[in-house]
Amino acid sequence: MNKSALPLVIVSHALPDGWLDLLQDKCQLVIGPEESEGLTPELENWLPETQGLFSLLTLKVDDKLLSRAPNLKVVSNMAVGFDNVDINSCTKRGLPVGHTPGVLTDGTADLTMAIMLAAARRITEASQDARQGRWKTWSPTGWLGMDFRDATLGIVGMGQIGSGVAERALGFGMKIRFTDSNLKHDLADRFKAKQVPLETLLKSSDIVTLHVPLTAETHHLINEERLKSMKSNALLVNTSRGLIVDNNALVSALENKWIAAAALDVTDPEPLPTDHPLFGLSNCLIVPHIGSATWNTRRKMAERACENLIAGLHEQRLPYCANPEVYNA
Ligand code: GLV
């Protein structure tokens with residue numbers, strides 16, 4: 001088949017072999033390097049012709065980029081979050097935006113538990129101390145941490161990932177509180193979970209874990225005042241988006257022991273500069289945005305993004321659309 005007769009699609013970043021198989025015979029692909037900030041100049045040159053854009057969360061899909069792509073029919077973001085995409089601008093242009101909910105729920109919930117447990121039991125600190133010769137004896141008071149059983153876990157945002165965390169936390173014997181009123185009653189019953197206002201959740205939880213999308217309303221949701229309202233022995237876990245937490249306030253909270261510790265998979269900015277004060281704090285565990293980082297999950301995300309892209313190219317409704325309002329126009 002003459003490839004040039006197929007719709008042109010920009011894939012912002014290279015992916016492993018096989019992940020884009022669904023697109024191979026259906027599009028003419030121009031693919032960026034594995035790691036680049038934004039689109040390379042070569043990829044930008046294809047913007048006027050492209051009909052599809054396959055983006056990662058590191059690509060800012062803003063009005064400026066969109067205005068250079070007048071033939072675009074679909075933006076397909078390989079992520080559940082889509083705060084890197086100017087949704088209003090896409091909707092105004094009649095452009096559906098795809099995202100990938102569902103397939104990363106387990107991976108992200110697992111990682112949330114992993115860093116929660118690591119911070120609660122001071123795993124990185126203890127491991128470094130062992131390696132660096134600070135393990136002198138079995139000390140009754142060495143590296144003491146927090147128990148999970150009977151701890152109160154506050155889940156801010158009880159969507160798919162928040163519910164996945166609740167399911168796991170139940171197995172650890174935690175008491176679950178959440179803020180979201182959309183959770184179905186049977187699920188709340190299954191998790192023995194109680195819905196409370198955010199302020200109550202923050203005041204009463206031993207561990208607070210964040211699972212809301214980044215929007216104008218959730219930007220700096222966890223600010224100085226709210227950090228000060230938390231228990232002084234509390235742990236804050238963030239696997240959603242860095243900007244949900246006011247970073248400067250978090251540094252103060254950890255330095256001044258308003259809270260005991262934090263475990264972060266996401267930061268503001270990303271990557272966090274290595275000289276950032278948060279890296280200097282032994283009560284702050286930071287991993288580099290790896291919530292969905294398993295082979296299986298990432299491949300499924302890529303496939304879901306391909307499915308959205310193909311639907312968009314055919315002007316069919318996207319199976320996972322971030323701006324369904326685009327179809328009301
Ligand atoms: C990851 O952070 C995602 O939104 O998929």
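Counting starts at 1 for both ligands and their atoms, following the listed order.
With contacts defined as side-chain heavy-atom distances shorter than 4.5 Å, the pair R304/P319 does not qualify. Under the 4.5 Å side-chain criterion, counting only non-hydrogen atoms from C-beta, D246 is not in contact with E224.
Atom numbering of ligand 1 starts at 1 in the shown order; those under 4.0 Å from a heavy atom of A79 are 3 (C), 4 (O), 5 (O). Proximity to G81 (heavy-atom distance under 4.0 Å) selects the following atoms of ligand 1: 3 (C), 4 (O). Taking a cut-off of under 4.0 Å to the non-hydrogen atoms of R241, the atoms of ligand 1 that pass are 1 (C), 2 (O), 3 (C), 4 (O). Less than 4.0 angstrom separates some heavy atom of L57 from each of these atoms of ligand 1: 1 (C), 2 (O), 3 (C).
The closest approach between any non-hydrogen atom of H289 and ligand 1 is below 4.0 Å. A heavy-atom separation below 4.0 Å is found between M301 and ligand 1.
Between L318 atom CG and H99 atom NE2 the span is 9.5 Å, to the nearest 0.5 Å.
Looking at residues two or more places apart in sequence or on another chain, you find a ring pair (Phe, Tyr, Trp, His ring centres under 6.0 Å) between F148 and F172.
By the criterion of a heavy-atom distance under 4.0 Å, the side chain of L104, and not its backbone, is placed next to ligand 1.
The number of heavy-atom neighbours closer than 6.0 Å to CD of Q132, taken from other residues, nucleotides and ligands shown, is above 12.
Ionic pairing of R93 and D63 is present here: one or more N-O contacts between side-chain nitrogen and carboxylate oxygen are shorter than 4.0 angstrom.
Of all protein heavy atoms, the one lying nearest to atom 5 (O) of ligand 1 is V80 N, 2.8 Å.
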